[in-house]
Amino acid sequence: MTVVRSTLPESALGVTGTALQDTLVDLLGLSLIGKQAHWNIVGPRFRSIHLQLDEVVATARAHADTVAERAAALGVPPDGRPETIAAAFALPGAKDGWLRDTEVVDLMVSALREAIGRLRERIAATEKADPVTQDLMISITADLEKQHWMFQAENQPRDEG
């Protein structure tokens with residue numbers, strides 16, 4: 001059943017729909033990683049990283065909603081069901097149990113780096129297919145790069161001089 005018809009040509013819609021769905025999976029998964037770490041972080045920097053994780057989760061969830069609505073607007077039904085996310089998710093995830101603050105930072109740097117790399121591939125893929133979706137991917141990438149920078153700065157060693 002086709003409820004919404006896209007203004008994009010079929011070939012462009014295929015590329016764009018795939019990029020949007022894959023981004024939705026990454027963003028929803030990233031929000032779950034953030035929450036898992038948020039609930040299980042321990043260590044001397046607990047509070048600051050705990051709050052920073054909330055920022056990542058809020059950013060990922062807000063962008064996931066925008067991505068899903070963009071897909072729907074193009075006639076591509078977004079799929080954010082738990083089984084879809086579990087089957088398609090490819091970012092590094094948290095281990096079970098308590099997580100040291102340094103482990104959380106390493107995890108978030110790694111997960112964000114991977115998500116950004118995947119987004120950059122989608123930016124290239126959607127350049128001709130749908131510049132509107134490409135623009136959305138660029139915006140998401142900028143926000144995730146900001147979070148990536150902030151987490152990287154967390155684990156810099158102190159100068160002992």
Side-chain angles (χ1 to χ4, degrees), residues 16-73 78-82 84-127 129-161:
T16 302
T18 298
L20 288 165
Q21 179 60 39
D22 291 348
T23 300
L24 180 62
V25 168
D26 283 354
L27 290 169
L28 291 174
L30 188 59
S31 74
L32 294 172
I33 291 170
K35 269 303 176 188
Q36 183 67 21
H38 173 87
W39 296 322
N40 288 288
I41 187 172
V42 295
R45 295 180 296 157
F46 165 82
R47 179 138 176 88
S48 64
I49 296 172
H50 182 80
L51 295 173
Q52 189 175 349
L53 288 164
D54 274 340
E55 290 178 29
V56 172
V57 170
T59 297
R61 287 180 178 170
H63 282 306
D65 189 53
T66 302
V67 164
E69 289 177 356
R70 175 72 185 150
D79 189 353
R81 297 173 299 155
T84 300
I85 305 308
F89 189 67
L91 299 178
K95 67 176 188 166
D96 187 30
W98 302 114
L99 300 167
R100 296 288 311 165
D101 50 4
T102 54
E103 290 177 298
V104 169
V105 171
D106 289 342
L107 169 64
M108 295 310 297
V109 167
S110 178
L112 286 161
R113 181 185 307 114
E114 182 68 22
I116 291 163
R118 292 165 57 90
L119 275 162
R120 288 192 171 277
E121 291 171 7
R122 295 177 201 130
I123 288 168
T126 56
E127 179 180 12
D130 183 22
V132 175
T133 296
Q134 182 195 42
D135 185 57
L136 175 59
M137 301 285 172
I138 291 168
S139 176
I140 295 166
T141 302
D143 285 348
L144 294 187
E145 284 179 336
K146 179 180 177 185
Q147 292 297 327
H148 184 247
W149 156 58
M150 295 174 116
F151 274 105
Q152 286 183 86
E154 283 284 345
N155 269 357
Q156 291 304 306
R158 292 183 184 183
D159 288 336
E160 298 296 324

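Residues in residues 22-43 take part in these salt bridge (Lys or Arg N to Asp or Glu O under 4.0 Å) pairs, two or more places apart or across chains: Asp26-Arg118, Asp26-Arg122, Lys35-Asp54. For residues 105-116, every residue pair satisfying the side chain to side chain donor-acceptor pair (under 3.5 Å) rule, not counting sequence neighbours, is listed here: Asp106-Asn155.
Between Glu154 and Gln52 the shortest side-chain heavy-atom distance falls below 4.5 Å. In this structure the side chain of Leu28 never reaches within 4.5 angstrom of the side chain of Phe89, judged on heavy atoms. The shortest side-chain heavy-atom distance between His38 and Val104 does not fall under the 4.5 Å cut-off. Under the 4.5 Å side-chain criterion, counting only non-hydrogen atoms from C-beta, Val105 is in contact with Val109. Looking at heavy atoms from C-beta onward, Leu144 lies out of side-chain contact with His148 at the 4.5 angstrom threshold.
Applying the ring-ring contact (aromatic ring centres under 6.0 Å, His included) criterion to Phe46, with sequence neighbours excluded, gives His50. In this view, Arg81 and Asp79, Glu83, Thr84 satisfy the side-chain hydrogen bond (donor to acceptor under 3.5 Å, both in side chains) rule, not counting sequence neighbours. Not counting sequence neighbours, the partners of Gln134 by the side chain to side chain contact (heavy atoms under 4.5 Å, CB included) test are Ile123, Thr126, Glu127, Ile138.
The heavy-atom pair separating Ala129 from Thr16 by the smallest distance is CB-OG1, 3.7 Å. Annotation for Gly97 and Asn40: closest pair O-CB, 3.4 Å, computed over non-hydrogen atoms. For the residue pair Gln36 and Ala94, the shortest heavy atom distance occurs at CG-CB, 4.1 Å. Between Leu112 and Leu30, the shortest heavy-atom distance links the atoms CD2-CD2, 3.7 Å. Of all non-hydrogen atoms in Leu24 and Pro78, the two that sit nearest each other are CD2-CB, 3.9 Å. Shown here for Gly43 and Asp101, the closest heavy-atom pair between the two residues is C-OD2, 3.6 Å.
Between the side chains of Thr133 and Arg70, at least one donor N or O lies within less than 3.5 Å of an accepting N or O.
To the nearest 0.5 angstrom, Ile116 atom CD1 is 11.5 Å from Ile140 atom CD1. Of the inter-residue distances, the one linking Ser48 atom OG with Ile41 atom CD1 reads 7.5 Å to the nearest 0.5 angstrom. For the atom pair CG of Leu119 and CD of Glu145, the computed distance is 9.0 Å after rounding to the nearest 0.5 Å.
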Using residues 56-67 as the side-chain source, report each donor-acceptor pair under 3.5 Å to any protein atom, sequence neighbours left out, with the distance given to one decimal.
residue, atom, partner, partner atom, Å
Thr59, OG1, Glu55, O, 2.9
His63, NE2, Asp143, OD2, 2.7
Thr66, OG1, Ala62, O, 3.2

### Task
I would like to know whether Met137 and Leu20 meet side chain to side chain contact (heavy atoms under 4.5 Å, CB included); could you show each step before the answer?
CA-CA 9 Å; Met137 301 285 172; Leu20 288 165; 3.8 Å; yes

